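Here the structure is laid out as structure tokens; the discussion comes afterwards.
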Amino acid sequence: RKEVEQDPGPFNVPEGATVAFNCTYSNSASQSFFWYRQDCRKEPKLLMSVYSSGNEDGRFTAQLNRASQYISLLIRDSKLSDSATYLCVANGAAGNKLTFGGGTRVLVKP
Amino acid sequence: DTEVTQTPKHLVMGMTNKKSLKCEQHMGHRAMYWYKQKAKKPPELMFVYSYEKLSINESVPSRFSPECPNSSLLNLHLHALQPEDSALYLCASSPTDRGNTEAFFGQGTRLTVV
């Protein structure tokens with residue numbers, strides 16, 4: 001079983017719609033969680049950190065459920081520019097070692 | 001400024017060549033990383049440097065040799081690579097080596113081994 005697992009998608013989303021997807025992690029010792037966004041042939045860019053209380057940044061909302069060991073990302077009012085691969089990342093199980101999920105591909109269409 | 005700079009952006013090398021990838025950050029971050037990413041796969045950790053010392057080596061073949069000359073610089077020396085080593089090599093840095101800090105990535109070096 002992979003340490004961090006994601007639905008690879010693609011999630012085909014009409015422009016203006018809401019999309020949400022989850023990520024599960026297997027190591028209960030993981031301390032911190034992040035969502036990164038990666039565009040084709042580009043580097044991963046930090047989208048947001050995920051806090052236990054949940055956090056929101058504009059149209060993006062992240063939630064952490066430690067009991068069930070998953071994190072989620074919700075995108076409201078999707079824009080064409082939101083089309084990307086979203087990488088779920090867990091950190092802290094062993095040193096400062098980011099462990100990436102396989103990524104969820106989101107395609108926003110007009 | 002959350003900038004990590006990598007050079008070169010593209011590199012083509014033969015299997016008998018020796019080359020180096022370079023990474024630089026001026027954010028005062030004390031942890032630096034090398035990741036390898038193949039097409040349609042997530043980044044895979046290779047090495048972690050913490051306070052200029054190698055703290056994690058993910059069983060990387062010796063044909064990849066990391067070096068951290070100072071707190072701002074990270075190199076990856078390449079020698080006798082194989083075609084399957086062709087990939088995007090990403091450098092990243094984070095403020096500390098504790099498990100609660102996010103990492104920032106450079107644009108990567110796209111390496112092709114011929």
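Keep in mind that this is a model prediction, so the values were computed, not measured. Reckoned from all heavy atoms, side chains included, excluding hydrogens, waters and symmetry mates. Chain letters run A, B, ... following the sequence lines, proteins first, then strands; residues in each count from 1.
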Do [X] and [Y] belong together in a cluster built from hydrophobic side chains that touch within less than 4.5 Å?
X: B/Trp34; Y: B/Phe104; answer: no
X: A/Leu87; Y: A/Leu64; answer: no
X: B/Val12; Y: B/Phe64; answer: no
X: A/Phe33; Y: A/Tyr70; answer: no
X: B/Val4; Y: B/Phe105; answer: yes

Heavy-atom distance under 4.5 Å to chain A: side chain of [X], backbone, both or neither?
X: B/Gln6; value: neither
X: B/Ser94; value: side chain
X: B/Ala103; value: both

Could you measure the distance from the [atom1] atom of [X] to the [atom2] atom of [Y]? Nearest 0.5 Å is fine.
X: A/Tyr36; Y: B/Glu102; atom1: OH; atom2: CD; result: 6.5 Å
X: B/Glu44; Y: A/Thr99; atom1: CD; atom2: OG1; result: 11.0 Å
X: A/Phe100; Y: B/Gln37; atom1: CZ; atom2: CD; result: 8.0 Å

Hey, which residues of residues 38-46 of chain A are touching chain B, say heavy atoms under 4.5 Å apart?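 A/Gln38, A/Arg41, A/Lys42, A/Glu43, A/Pro44, A/Leu46 fall under the 4.5 Å cut-off.
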Can you name the nearest heavy-atom pair linking B/Thr101 to A/Asn91, along with the distance?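 Result for this residue pair: O-ND2, 3.3 Å.
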I want to check something: taking the side chain as every heavy atom from C-beta on, are A/Val89 and B/Pro42 in contact at a cut-off of under 4.5 Å? no
Step through the shown structure and confirm whether more than 12 heavy atoms of other residues, nucleotides or ligands are within 6.0 Å of NZ on B/Lys41.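 12 or below, so no.
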For A/Arg37, is the CZ atom crowded, meaning more than 12 foreign heavy atoms sit under 6.0 Å from it? yes
Could you walk me through whether B/Tyr33 and A/Leu98 pass the side-chain contact (heavy atoms from CB on, under 4.5 Å) test, one step at a time? CA-CA 10 Å; B/Tyr33 314 80; A/Leu98 298 178; 5.6 Å; no
